[in-house]
Enquirer: 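Sending over a structure as structure tokens; questions will come in a sec.
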Number of protein chains: 2
Amino acid sequence: MSKRSYNQYCGVARAMDVLGERWTLLIVRELLTGPKRFKDLLEGLPGIGTNLLTARLKDLEGYGVVRRVTLPPPAASRVYELTELGRSLEPVIMGLARWGLKFLGASREEDDRQPAWAMVALKSVLKSEAKGETRESYEFRVDDEVFHVWIADGETEVRQGSAADPDLVVRSDTQTFLAVAAGRIEPTEAVASGAIGTEGDREARERCMKMLGAR
Amino acid sequence: MSKRSYNQYCGVARAMDVLGERWTLLIVRELLTGPKRFKDLLEGLPGIGTNLLTARLKDLEGYGVVRRVTLPPPAASRVYELTELGRSLEPVIMGLARWGLKFLGASREEDDRQPAWAMVALKSVLKSEAKGETRESYEFRVDDEVFHVWIADGETEVRQGSAADPDLVVRSDTQTFLAVAAGRIEPTEAVASGAIGTEGDREARERCMKMLGAR
DNA sequence: CGGAATCCTCTTCGATACTG
DNA sequence: CAGTATCGAAGAGGATTCCG
């Protein structure tokens, strides 16, 4: 039962011992947008197979990357969530997301699409220099999924669900959203063409578009 | 011959399509410290096997991550080197190196050890904000491995071997070095306790400790 | 030396079916 | 729902061989 290891006294190799198997990093990506049930993970990872998912979650739990918790009543469902150690992988995942965008140019027919992935892409491309003193939140409604971005003290959080009192609401379909995140469409153009609709403060909109890469 | 893909329209998934197979990211790590011959790679990746290495290099070349070049005479040897796209993976690798440090606490008997990997670890923990106008070099002697850091124009280079005229020489054992790198020990404390010894300019020492994460 | 090709064994993956 | 069991297919690992 001894797990396969690269057996190298090196941080990269150890990281790959933990994360290097097929699907593992994608599971972490899924959990980055909040705790998920087994079934949610299955749906977010088309093709994984239940046995693999079980095995990966068990491994990640063993490494202290993932934790299994039971939500308080009345939900009472069991979910998987990232530990502190797991959340500290966020910069790595975002780096991979940004790097992978270079291969995302051509959308392929066989590709699955999910709003949550767009949020990861979104976060990975948010321009930090635009954050500054900003302290506000934007709600994104991409097709029928809702997320929000919360900016405060130079930190950016992207979470599932709607914002309490958003300074801006952004509506879009998944296609447009991904295209903007991938840098293939200018956010301002998408707004101008109506592919992206916004409600809220005009200045908030401009700051938001700037963070999305608007020139 | 259709390559296996996650088929997700997501940057992370595409990145894993390219980099996610066994050994691939470690090959990139190896090439991060300079071009390497096939044999050098084999030695830096104990256990990989010639067929796998060939296949991975071919894939990476196909993706434009790696390039095959023939060195000018008299060397005239064929080497593999990272393309611009490949070098842009450095932040990701460094992120993984930093994360993997947390699993490196216990050195295992069966682990391979190579100076180049320690260099990667060092580079991954150097704090960039401390660089500023600094223009100097530090030599590190970790157990019997020697490498040096050269800082100039806000850039940091880590190289094998000793420095020509180092402003500072830092001595330490591997355990201490890793503990400092992983943030488990304050560099200044390690100096105070004698676990890290330094020779050279006092101000250089302070700058160096700052880059190692001293508060 | 720098690979490519072949063969064989073992492990892992992927898909489906089945159970608490 | 949340997994376990199972089984054929694909990939990994190691050795060896061949070639330029």
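Reminder, nothing fancy here: chain letters follow the sequence lines and each chain counts from 1.
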Enquirer: Under 3.5 Å between N/O atoms: give me all the protein pairs with nucleotides 4-6 of chain C, atom names plus distance.
Expert:
unit_1, atom_1, unit_2, atom_2, d
dA4(C), OP2, Thr54(B), OG1, 2.9

Enquirer: Measuring from Tyr63(A):OH to Lys58(A):NZ, what's the distance to the nearest 0.5 Å?
Expert: 14.5 Å
Enquirer: Reading DNA chain D from 5' onward, which residue's closest nucleotide shows up sooner: Tyr6(A) or Leu57(A)?
Expert: Leu57(A)
Enquirer: With a 4.0 Å cutoff (strictly under), does any side-chain N or O of Trp23(A) reach OP1 or OP2 of dG14(C)?
Expert: yes
Enquirer: Can you measure Asp40(B) atom CG to dG3(C) atom C1' for me and round it to whole angstrom units?
Expert: 14 Å
Enquirer: What's the spacing between Ile196(A) CD1 and Arg141(A) CZ if we round to 0.5 Å?
Expert: 15.0 Å
Enquirer: What is the distance, to the nearest angstrom, from the CD atom on Glu21(B) to the C1' atom on dT12(C)?
Expert: 13 Å
Enquirer: Out of curiosity, Leu45(A) CG to Trp23(A) CH2, how far, rounded to the nearest 0.5 Å?
Expert: 6.0 Å
Enquirer: May I have the distance from Leu52(A) (atom CG) to dA5(D) (atom P), rounded to whole angstrom?
Expert: 15 Å
Enquirer: Ignoring backbone atoms, establish whether Arg78(B) has a side-chain N or O less than 4.0 Å from OP1 or OP2 of dC1(C).
Expert: no
Enquirer: Any side-chain N or O of Arg4(A) below 4.0 angstrom from OP1/OP2 of dA12(D)?
Expert: no
Enquirer: Any side-chain N or O of Lys39(A) under 4.0 Å from OP1/OP2 of dA2(D)?
Expert: no
Enquirer: Taking the side chain from Thr83(A) and the backbone from Val65(A), do they hold a donor-acceptor pair closer than 3.5 Å?
Expert: yes
Enquirer: Taking atom P of dA2(D) as reference, at what distance in whole Å does atom CG of Leu53(A) sit?
Expert: 10 Å
Enquirer: Dot-bracket, 5' to 3', for DNA chain C please: Watson-Crick or G-U pairs under 3.5 Å, [ ] where pairs cross earlier ones, | where the partner sits on another strand, dots elsewhere.
Expert: .|||||||||||||||||||
Enquirer: What integer distance in Å separates Arg37(A):CZ from dG3(D):P?
Expert: 12 Å
Enquirer: Any Lys/Arg nitrogen of Glu90(B) or Arg87(B) sitting under 4.0 Å from an Asp/Glu carboxylate oxygen of the other?
Expert: no
Enquirer: Here's one to test your reading of the geometry: is the NZ or CZ of Arg68(B) within 45 degrees of the ring axis of Phe38(B) and under 6.0 Å from its centre?
Expert: no
Enquirer: Strictly below 4.0 Å, N to O, side chains only: are Asp167(A) and Arg205(A) in salt-bridge contact?
Expert: no
Enquirer: Whole-Å distance between dG11(D) C1' and Asp17(B) CG?
Expert: 16 Å
Enquirer: Is Asp173(A) salt-bridged to Arg113(A), cutoff N-O under 4.0 Å?
Expert: no
Enquirer: Rounded to whole Å, how long is the line connecting atom CD1 of Ile27(A) with atom P of dC13(C)?
Expert: 11 Å
Enquirer: Verify side chain to side chain contact (heavy atoms under 4.5 Å, CB included) between Met16(A) and Arg22(B), making sure each step is shown before the conclusion.
Expert: CA-CA 9 Å; Met16(A) 294 319 286; Arg22(B) 196 162 159 77; over 6 Å; no
Enquirer: Atom CG of Leu45(B) and atom P of dG13(D): how far apart are they, to the nearest Å?
Expert: 11 Å
Enquirer: Would you please confirm or rule out a distance under 4.0 Å between OP1 or OP2 of dG11(D) and any side-chain N or O of Arg22(A)?
Expert: no
